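Below is one structure, written out as structure tokens; comments come after it.
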2 protein chains.
Amino acid sequence: MTFGKHVREHREILKSRDRRFSVRQVARRIGVEPAYLSKIERGDVAPPSEAKTRALARELGEDPDVLLAMAGKVSSDLQEIIRKRPRLFAELIRQLKSAPDHAILHIARDVRDGDW
Amino acid sequence: MTFGKHVREHREILKSRDRRFSVRQVARRIGVEPAYLSKIERGDVAPPSEAKTRALARELGEDPDVLLAMAGKVSSDLQEIIRKRPRLFAELIRQLKSAPDHAILHIARDVRDGDW
DNA sequence: TGTCATGTATAGTATATAGTACACATGACA
DNA sequence: TGTCATGTGTACTATATACTATACATGACA
């Protein structure tokens, strides 16, 4: 599923229940021209900037990290965390490349619970 | 320490022992114009692309992830790993933001040893 | 049946990114 | 003392990114 199709699909679902989710109105709320959002949804142009993608996620009630990923981006706050300790994070992330989901989830939970 | 100063410093050290580490010769080996490398080292222009930064790291015997971090970038292979499972990695990385180095190292070791 | 909002086609713009090409002054050194 | 490599100043360039602005055809609906 491409970024555009995904956005269009979700927006259409919301629109079917609330007509404030038209291209024009959503565009207005996220701060872009309607024609631009239209082109984005049809894949006519690349996904928008991180800021606009975040606004769109908020508007559609979606996870910004997921939408950013679909846009081919990684959140700038995550990048900053990695850049501060590149060796440590690079190694860890590459180690986790093929780890099962539950392992990653488990580690995150342990860290959150202060098991380190 | 900026990217440029760092590169210049390290290249100069190598050059003092081996004159093949002149701006011109390093530039030639990494595939850029000498004037461009000169400008990069003096911070006259932004750091080069990921590919050139990697070539430079190889040339200087440095960790590419570290040099990329100094260039304000995160390796594209890491980004791809994150983008494939954005929710999991986003949560984990944010959890680890203020974790001590040894904790991250410890986790990486556990994962490598298959303790998951 | 007029108006109003809708989606979209077309054309254009500003800024950033990632460099090249060439010329020139300087210092080493044979 | 001529030549050669060195570092760098100046002037461009190509492509990507991230949009805006305007106009138009269409369908709803009062």
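Note that the structure is a prediction, hence the values are computed from the model and not measured. Order of the sequence lines sets the chain letters (A, B, ...), proteins ahead of strands, with each chain counted from 1.
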Please report, rounded to the nearest Å, how far the [atom2] atom of [N] is from the [atom1] atom of [X].
X	N	atom1	atom2	result
I40(A)	dG7(C)	CD1	C1'	14 Å
Y36(B)	dA23(C)	OH	P	22 Å
R24(A)	dT22(D)	CZ	P	13 Å
D44(B)	dG19(C)	CG	P	16 Å
E33(A)	dT13(C)	CD	C1'	13 Å
L37(A)	dC19(D)	CG	P	12 Å
E41(B)	dT6(D)	CD	P	13 Å
E50(B)	dA16(C)	CD	P	22 Å

Counting only side-chain N and O atoms of [X], is one of them less than 4.0 Å from OP1 or OP2 of [N]?
X	N	value
S49(B)	dG19(C)	yes
K15(A)	dG7(C)	yes
R42(B)	dG9(D)	yes
S22(B)	dG7(D)	yes
Q25(A)	dA5(C)	no

Could you give the distance from [atom1] ([X]) to [atom2] ([Y]), rounded to the nearest 0.5 Å?
X	Y	atom1	atom2	value
L105(B)	R85(A)	CG	CZ	10.5 Å
K97(A)	I81(B)	NZ	CD1	5.5 Å
R58(B)	T53(B)	CZ	OG1	11.0 Å
R11(B)	E41(B)	CZ	CD	4.0 Å

K52(A), nearest nucleotide to its side chain (from dG9(D), dT8(C), dC19(D)):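 When the side chain of K52(A) is considered, dC19(D) is the closest of dG9(D), dT8(C), dC19(D).
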
Short side-chain to backbone donor-acceptor contact, R112(B) and A108(B), under 3.5 Å: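 No.
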
Every protein N/O lying under 3.5 Å from an N/O of nucleotides 11-14 of chain D:
residue: dA11(D); atom: N6; partner: K39(B); partner atom: NZ; Å: 3.3

With sugar-phosphate meaning primed atoms plus P, OP1 and OP2, does V45(B) contact a base, only sugar-phosphate, or nothing at under 4.0 Å between heavy atoms?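 Here V45(B) touches no strand at all.
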
Using a 4.0 Å heavy-atom cut-off, does R8(B) contact any base of the nucleic acid, only the sugar-phosphate backbone, or nothing at all?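 Here R8(B) touches the backbone only, sparing every base.
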
Flag the pair [X] and [Y] as a salt bridge only when some basic side-chain nitrogen lies within less than 4.0 angstrom of an acidic carboxylate oxygen.
X	Y	answer
R94(B)	D77(A)	yes
K84(A)	E80(A)	yes
R54(B)	E50(B)	yes

Specify the residue among A46(B) and G31(B) whose closest nucleotide of DNA chain C lies further upstream toward the 5′ end.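 It is A46(B), whose closest nucleotide lies nearer the 5' terminus.
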
Test D65(B) against R83(A) for salt bridge (Lys or Arg N to Asp or Glu O under 4.0 Å), laying out the working first. CA-CA 8 Å; D65(B) 291 306; R83(A) 282 201 311 266; over 6 Å; no

For F3(A) versus P48(A), what's the shortest heavy-atom pair and its separation?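 What the structure gives for the nearest pair is CE2-CD, 3.6 Å.
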
Which range-with-range stems can be found for DNA chain C when each stem has 3 or more Watson-Crick or G-U pairs in a row and both distances sit under 3.5 Å?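 Stem list for DNA chain C: C:1-30 with D:1-30.
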
